[in-house]
Structures are given as structure tokens and as C-alpha cells.
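Read the structure below first, then the notes.
Everything numeric in this text was worked out from a predicted model, so none of it was measured. Excluded from the calculations below are hydrogen atoms, water molecules and symmetry mates; all remaining heavy atoms, backbone and side chain alike, are included. Throughout, protein chains are lettered first and strands after them, A, B, ... in sequence-line order, and every chain is numbered starting at 1.
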Amino acid sequence: MAGGGGRPLRALNVAEKPSVAKAVSGILSRNPSSGGLRVREGRSRYNKIFEFNYAIQNQQFHMAFTSVTGHLMEVEFEDRYRKWHSCDPVDLYHAPVRKHVPQDKSDIEKTLEEEARKSQWLILWLDCDREGENIAFEVVEVCTRANRNLNIWRARFSALIDREIHYAAQHLIRPNQLFADAVDVRQEIDLRIGASFTRFQTMLLRDAFVLDFTTDDKNVILSYGPCQFPTLGFVVERFWEIQSHEPEEFWTINCTHNSEEGTATFNWMRGHLFDYTCATILYEMCVQEPTATVTNVRQQEKLKYPPHPLSTIELEKRASRYFRMSSEQTMKVAEDLYQAGFISYPRTETDSFSERTDLHTIVQDQQAHSIWGSYAQRLLDPEAGLWRNPSGGGHDDKAHPPIHPTKFSSGESGWSQDHHKVYELVVRHFLACVSQPAIGAETTVEIDIAGEQFAASGRVILAKNYLDVYRFETWGGSVIPTYTYGQQFTPTTLTLDSGVTRPPPLLSEADLLSCMDKAGIGTDATMHDHIKKLLDRFYATKDSSMRFTPTKLGEALVMGYDDMGYELWKPYLRAAMESDMKAVSMGTKRKAEVLEACLQQMKACFVDARLNKGKLFEAMAVFFERSNRSNGNEPAIGDVVRRCGLCQESDMVLRRKPDGNFMVGCLGYPQCRNVVWLPGSVSEAAVTSNICSTCSPGPVYMIQFKFRRLEIPPNYNVDHLGCIGGCDNTLRQLVEICGTGSRNNSSMPGRGQGHTQSSGSAQSNSRSQGAWQTGHSSTSYPSQSSRGRSAQTQDAAAEDGESSIPCASCGTPCNLRTANTAANRGRKFYSCQAQGCNFFTWEDNANSGGTVPRGSNSRSASNPSRRGGRGRSNQSRGRANDVAFMSATGEPISGRCFVCGDPSHFANACPNRGR
DNA sequence: GCAAGGTC
């Protein structure tokens, strides 16, 4: 293939990481005309330079192949904005930023410059995703600074496979500026939002409260980030859901039957009822006519499929579930194994193997293992029939294959327990996903007792297949006796049992990863970082079962923003940014346009949040004692009025002195002693986002004042939006009239301890309300399972089935039946036959047309507003579902107690109620 | 001292 083409040119090739530089060089140099692969050191000890000869489209090249280590550059504010007290955090929305190579990457930069000077071509082998494209342009910037005449090309490849790499080298394209632009947008927005909110909330709250979770509360950082905060939001939201759960009693009928073959447990196909009386009526009917008739026997073959090939998130989730290993630790160990060559690249979204991957060879490598080696041998034996080409999960990052073993090991001497575990998981997972599914025979038996349906099922595993090697998964099964259609028997036990709805569990690490994945928070390579950040920042804790609870601090911050009405703790902001980035990368939106729009929105949000900082204070006060530090000399950043005209370096901020008086002083104190005194009659003052139109140099933010009525002349207003820039005559006159001196009574109401606490607890209460009203799911998890439910209708009841009405809840026919309880013996009722529908009404009510479904009997996981409706209309009567039946207008039309028939009370208060 | 994204 090495044709003519004249004198060889020199090409500098750059990969995103050393391993790719090595792998691609290895592939491209694997022919006699390459002159062999030479390696030499670069200036960075990690990033070697590989050299060989190669022909591209018949042009001979001398290739120098080196690498970077991820991003070469960082985006950062200009120096004068770097110090926290150097500016008002709101300035960070327009402060100049620059992209530069940080100190620890300067050796890589030097290598690139030196190599670029010697080269005619630059070929970019960065990962083929948006971040990779952005890194490509960072490399271009460094290289073209050294050599303006470079001919710049991009190699597009999705796997480190010979054919793919050669194809990429022969079909070079130009780098895609739009992809890189999208990342520039994200970087800048992340930095500006993160830095502004972090500085704002840290400086606002850190010194105002006694943060009792650390001994070093002066240095604690209350960070905000567009990924870490929604992650915290998931944790807090689940916590609130648990807190607001009200346990509710329900009732279910259980039936067992012992025979010579064993015991069968039949579950009620209605699942459970929340109405004790209804359950009792149905139960008593069963007891009076307990003969069970087998109505259906179903035998089915069921398959349990092996998992898809392993992506990063799945690895993290499974290691957490199987080994209780944190996602951070899993990634650390996986990185070690990758570096040592035992597993493939561990940061991948891909969960299907390319057709070109030689899966058999990977299995062959594992044949020697003392434990799973024999399974690997069976897999390769065509007669065993165990092999199955893996089914993919539909994700492909176009850069890396799923995680799989790349080298056999029976365990290395330097490995920790965690290394053994992660390697074993990767190997077993791989072997599982090229295996046949497990096969089971499932038997379901349905019976009828007095018109009520019950079902029992059993499973026998016929072939374990992949379960033989994937020891982390089980497929529970039990054997039930044989039954035949029409068979009749008397149950061994028939019981009416109670249960209580339970709240959902706290979020596990695997749950949290799923939430983040679904909402697009973070990437496969960073999700574990965001989770760890919650722990590092004291926002959440993780218990021994890997479940997350928000700390007081985490809950307070989310509560504060939520009370402001912002969804900054929700994933929507990130989702919107992600969609904007996509638009930039597709060219449908321009970089500058998206940046400006997003920053403008976020700035408005920031300014508004600062005005509403009282909400954050109140939320914090629910959980923490106020400290007296904030009343001292610590400046309250966030109250910047203008830049100091005296020192020209720092900002003038609104402050309240210990004596209760307000002043506007320079943050440069004590070097700069510039100060503007305010009238002594000020009772409240807050900097607004309004800018004075006359005073210069601007901006000069106006201050909203409140004066004490008795201390100012009657012709002055108590409320005044004023400016300290010199234009405000009212303010000047009031200083003259009232002076700036201290007053005897400097204590004032408002943020006092008592007030804060009471409003705090109100906050706390309104929290659960708010959570429900904004439509959070209110899933209740019954403590008993409700298996066997489906939408199909049952056969007509054995008795009274001649009459039916359509169900007012679901439309299915409700058959007429007869009650057998002491109080209602002989009374007819309609009961919905649809499984899962609990509609029930007396015949006389139905005939009068005045029935509605019973309130909470028909409640389900998709009914989030139940709490809002509860307790208001039925406050005086207790549980809503005990209020007999109501007309369409909500009026009770039957005031009788179900249990004893007494009209003076309802069933929940019945003295005869009980079991 | 701040973000999130690469990677060592």
C-alpha cells in the first residue's frame, strides 16, 4: 500500500489518553513498511510518543503519536474575580473568563508545541463525542500557536479494532467546531452558575448559623452545582415522601391448602381492600361457603434472560447491590484493573457488542479458571447449546465497547478483596450475557370460594443456563401440589389478615444512579463523583445498607430554594442545558445566543434568589441555631451596593452593625475605610436589583429602606427605595434630621429566634403539603404483595349473578350478590368483577342512582393528590373510606354503620368492629 | 475556597 507520493511528510497524531495512542499506534504500525514501532519519552511521564511510518492515500508519512489526558485546558475567571471577596457574586455572570492550560498540564503542552513545530499535519484521534471534539480544539489551539501552517484532520473511529482504525486513517475529516462549541457553552455556564451560587450561599449562611456537623464550620463550603444539586434533590425528595407517608390499614383474605403433595398458598385476586367492612363481608361469605373450586390451571414456560453487556452505570449499580461497594470505590478499582490490562475501558455507555468483537476468544481466555473455567468450556462446546449471541440494551457511545475481561487472571497477589470482586463481576457478567436464558415451568392455579377468586403459583426451574455462572441473581420458585380443573376442596386455612401500607425505602446508591441516568444528570464517568460530593459537602449520609438520607444541611438548602418557588434542585435546568447543547452541536442554535439566553435567565434567577434569601435563612433556622458571628464584623456578601470609589478595588456592601444601625462600608476595610452612614431611623434595609439611573460610576444598586414611623417626620414615607450614590435627597434629609447615631433599643422583631422558629415549623409542615401538591408521586408500597392482578374480568359470580350494573369506577359489570354479615344478612349488593377494582355498592343505593366509587378503596399509586383531599371533606368523620357511600355531590346518602347497622355512627367508630 | 468534564 505504500505507494509513491514523494518525500514523506511528518504527522503529529494526538489521542485523548495514553492507552489509545498506544493501541492505535500498534494497529497502524503492524505492517512491514512501518519500519517498526519506536517509543520515546515526552515531557510528561505518562504521555509517551510512538513513532512509525504510515501511508495515507498513498502519501508516505512519518507518524508521531502522542496523547493528552482528557481536557488540556480549563475555563477560569480572570484573576481579579478569582478571590471570593473580590466582587459581588452576581458579577460572575459577566466577568471575563479565559481558557488556559493549567500548570499540571504544561508539560503536555510543551510536548505538543515541540512536535507541532516539526510537523506538517495534525491528526486528532480524540474520543468521538462532544467532549472529545472540544479537547481536539484545545489541542489545535496549542499546536497552531507553535505552527500556523498545520494541515488539521480528524480521525473518526468507534472501536480500537484494526479495520476501523485503518478506515479512520484513510478517511480523515475536518474537526467539528459545532460539537466543540456545545461543550464551551456547558463549561462556561457550569462555571458561572456554580461559582456564583456557591459563593452566595456559602457566605450568606456559613457564618449565620452554628453548623454543628463539623468542627471547622468557618471553612465549610456550601456548594451549588447543576449536577450535584439535583442529585441532592432526589435524595431529599424521597426523604420527604417517606416523612409524609401516612400508614393506612388494609385487609386481605388468605387461603392455604395442605395436601399429600405439599402446601399451596392462595392469594386473594382483589389484592387488598382498605375498607374493613367490605373485607369482612366478603370474608364471612367465604367462611360460610368455604368450598374451593378450581377454575383455571395454567402451565407456562417462562424465560429469565441474562443481563445486557455491562455499561459503567450497570457496573456501579450491580457492585453496589451485590457487594455494597460505593460507586466511587467501584470506579477506582475498575480503573486499576483497566490500567493493569485485566478489563476493558471502564467508562462506557455502550451495552451491546459490535458484531466484529471476537466474543469466543474472550470466553476461551477464561477456561483456565478454577471456578468458572468449566462453565466457559461448556459455553464453547456447540453440543452444550449454552451459547447465545448477547442482546444489546440499545445504548452506544460509539467510542468504547461494553466492559469485559481482556486478560485472564485467577487473582493477582496485589489485589484487594474489592479487586477480586469487581473482576469476578465483570467476568461472570460477560459469560452470562453470552449464555442462554434460564428456563422455568410456571404453574398458576385459580380457585373460587363463594364468588371470590384466589390464585396460587409455583415454579420449577428446568434449566439454569446463565444462572449457573451468574451467582448474583436467583430465580426463586416453589413447588405447588397438582390441581385439576373443576376439582373441589376445603381450604386448610382461610384468614382475614390486616396489613399496613409502608412508605418507599430511602434511595439506594443504585436507585440514585438510575434517577440520575434517567434525568441526564452527569455522565457515566462523573456520576459517582456527584454522589460522593453530597457526602463530602455534608449534604447527605449513606447508611450501612447503602441508602441515602439528607442531612439537616442538605434538607435545609433544598427547602430554602423550594420555598422560593425555584426548581434549582430539580433536574430540569440540566435537561434544558443539555437540549440547548444539542441544538448548538446540531447547528440549529448559535453558541453565543444560547450562552446569552441561559446566563441571562440564570442571572435573573440568582438576583431573585438573593432578594429572597430570607427563605434560605428560614429553612436553615428550622435545623440550626443562629450564630452571633453574622452580627459581628463579617461582611454580608450578597449585599453589594456599588464598587468602592475610594480604593477602586473592593465593593461597598450594606451591613448592619452590632448596635442595630445600618451602614454601607467598603469590603477593603481596614485598608480602605470608605463608609456611607445611613439614617438612625432605619429599621430594615435590603439591597435590590434596581440600578440608579443617575449616579455614576455605576452600577449603584438601590436599597429598599423601612423607617421607624415614630422617628421620622410625618411627611416622610415609612418605605423608601433609596440610593446612596448622592442623588437621594430624602436620604440626606433623614440623616440630617435623625442622625446616624446609635439608639437605645436596637433589638427588633423580624428575624428573632422566636419568630424564626415558629415560622420554621410552619415551613416544615407546609413542606409535605407542597410536595404533594406539586405532583410528586405518592406511591404507597403495600407490605403484602398483590400478585395475580390483571385487567381481565372474572366469570359471573356463582350466586345472584343474574343481575348486573356497570361499575361507576371502571365500567365493568358489577354482579348482584348477597351479604351474610350479622348486620346485613340477606342484603343485596353489587361488587365489581374487574380485578383490581374495588367498587362496591348496596343494591338499594345503586337503584337510587346515588353511588360513587369508594374514596380510598380505589386509590392507587397514580393518585398523588389523595392527601390534599383527605381530612378536609371528612374531617369530622375520620377515614374517608368508612363514610358509607356518597352521592355525586359528595353528600352521604347512607349514614348507617356497616358493621352493626346503627345509624348513629360509622363503621370506624363501631364498638362491634374488630376481628 | 466555587462547577462539571476529561483522565493519571
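Residues satisfying the salt bridge (charged side-chain N to carboxylate O under 4.0 Å, His left out) criterion with A:Glu133, sequence neighbours excluded, are A:Arg154. Under the salt bridge (charged side-chain N to carboxylate O under 4.0 Å, His left out) criterion, A:Arg574 pairs with A:Asp190, sequence neighbours left out. Annotation: side-chain contact (heavy atoms from CB on, under 4.5 Å) contacts of A:His395 (sequence neighbours excluded): A:Asp351.
Closest approach of A:Leu222 and A:Tyr539 over heavy atoms only: C-OH, 3.0 Å. Taking each heavy atom of A:Asn134 and A:His71 in turn, the nearest pair found is OD1-CE1, 3.4 Å.
Across B:dG5, B:dG6, B:dC2, the shortest atom-to-atom separation from the side chain of A:Cys227 is found for B:dG5. Here B:dG1 is the nucleotide among B:dT7, B:dA3, B:dG1 with the atom lying nearest to any side-chain atom of A:Ile221. Side-chain atoms of A:Arg347 lie closest to B:dT7 of the nucleotides B:dA4, B:dA3, B:dT7. In the set B:dG1, B:dA3, B:dC2, B:dG1 carries the atom at the smallest distance from any side-chain atom of A:Thr202. Across B:dA4, B:dG6, B:dG1, the shortest atom-to-atom separation from the side chain of A:Lys533 is found for B:dA4.
Against DNA chain B, the stretch residues 101-108 of chain A makes heavy-atom approaches under 4.0 Å through A:Lys105. If you check residues 123-139 of chain A against DNA chain B, the residues with a heavy atom closer than 4.0 Å are A:Asp127, A:Glu131, listed by number.
Distance, A:Leu568 CG to B:dC2 P: 20 Å, rounded to whole Å. Between A:Lys99 atom NZ and B:dG6 atom P the separation is 13 Å, expressed in whole Å. What separates CZ of A:Arg186 from C1' of B:dG6 is a distance of 9 Å, to the nearest Å.
Between A:Trp415 and A:Phe342, the ring centre distance stays below 6.0 Å. For A:Phe50 and A:Phe65, the gap between ring centers reaches or exceeds 6.0 Å.
Stacking of the aromatic ring of A:Trp84 onto the base of B:dG1 is found: the ring centres lie under 5.5 Å apart and the planes are inclined by under 30°.
Residue pairs meeting the salt bridge (Lys or Arg N to Asp or Glu O under 4.0 Å) criterion with at least one member in residues 329-349 of chain A, sequence neighbours excluded, are A:Glu328-A:Lys332, A:Glu335-A:Arg347.
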